[in-house]
Amino acid sequence: MAEQGILSIVGIGPGAEEHTSPAALRAIAEADLIVGYTTYIRLVKRLIEGKEVIKTGMTEEIGRARAAVERARAGARVAIISSGDAGVYGMAGLVFQVLQEIGWRRGDSPELRLVPGMTALNACASLVGAPLGHDFCAISLSDLLTPWPVIERRIEAAAAADFVIGLYNPASGRRTRQIVRAQEIIAAHRAGTTPVALVKSAYRKLENVVLTDLDHFLEYEIGMLTTVLIGSSNTFLFEGYMVTPRGYTNKYTWDGDALPGQTPGRTLVVADERAAAEEA
């Protein structure tokens, strides 16, 4: 009977080693085989010297997932890597689908170990301030695997609900209309002065950061390595930083006292409710 293998599904973070977690570094160090997209393998090149490596290009994700599962099932210690977090637009979901397809059950080989990583959204946000300080969502504009009408509905819903919106995969050499349409949809719900950040290759050699607004962000270069952060109606710029407030000043003074009609630890009372209560 073959020894039980280990399959670690590892998020390596944005690419700089100092932003890769100790747990991810340990999983890579303990693995016999590293599986990943060519670009991500390059990011961890120093960490995988002397190890067996399976690397493939874009659109070959199923092959990578199957290879990782099969080798780990046979008893190897395998680390399959994704940039950011493997569970956020990464390989984790596909690995589970492969496991489901082969009839894997808990207790079977391989043992699964999921190692979280810093997402692109987190990494990009840290370079521009605190844009994710309140409710936000992430939407991929790639229609390679998701129908464009579905993506449009999600953009519309997020814009109408006033989420801060992070756009992944906004454009490529052959795919440029999607980001234009996304801007049109969001602009119907938000002021043209809404802050927008364009972050390319966060924490990598070609890092580039632009702070602009909803009316003008399409004037800049946007590609597959760019993450677009679009503020909510409350997001503002301060000293070159993009900030979305959590809402403390809706309830408290700057001395920390509750405003009239508000109670610490209780539901926020909005102006209309407060006026109605006073009239009653």
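These numbers come from the heavy atoms of this one structure, side chains and all, not from hydrogens, waters or symmetry mates.
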Could you check whether any side-chain heavy atom of [X] comes within less than 4.5 Å of a side-chain heavy atom of [Y], counting everything from C-beta outward?
| X | Y | value |
| --- | --- | --- |
| V78 | D32 | no |
| V199 | V128 | yes |
| L7 | I80 | yes |
| E207 | L127 | yes |
| D143 | R175 | yes |
| L114 | V10 | no |

*Less than 4.0 Å between a side-chain N and a carboxylate O, is that true for R190 and D215?*
no
_R113 and E111 ion-paired at < 4.0 Å_ = yes
Return all side-chain donor-acceptor pairs below 3.5 angstrom for residues 217-224, not counting sequence neighbours, or 'none' if the list is empty.
none

*Please say whether the positively charged group of R181, taken as NZ for Lys or CZ for Arg, lies over the ring of W148, i.e. under 6.0 angstrom from the six-membered ring centre and within 45 degrees of the axis.*
no
_Partner residues of F136 under the ring-ring contact (aromatic ring centres under 6.0 Å, His included) criterion, sequence neighbours left out_ = none
Under a plain distance cut-off of 3.5 Å, with no hydrogens placed, do [Y] and [X] share a side-chain donor-acceptor pair?
| X | Y | answer |
| --- | --- | --- |
| N122 | T119 | yes |
| S233 | D162 | yes |
| Y37 | S82 | no |

*For T56, side-chain contact (heavy atoms from CB on, under 4.5 Å) partners two or more places apart*: E60, R64
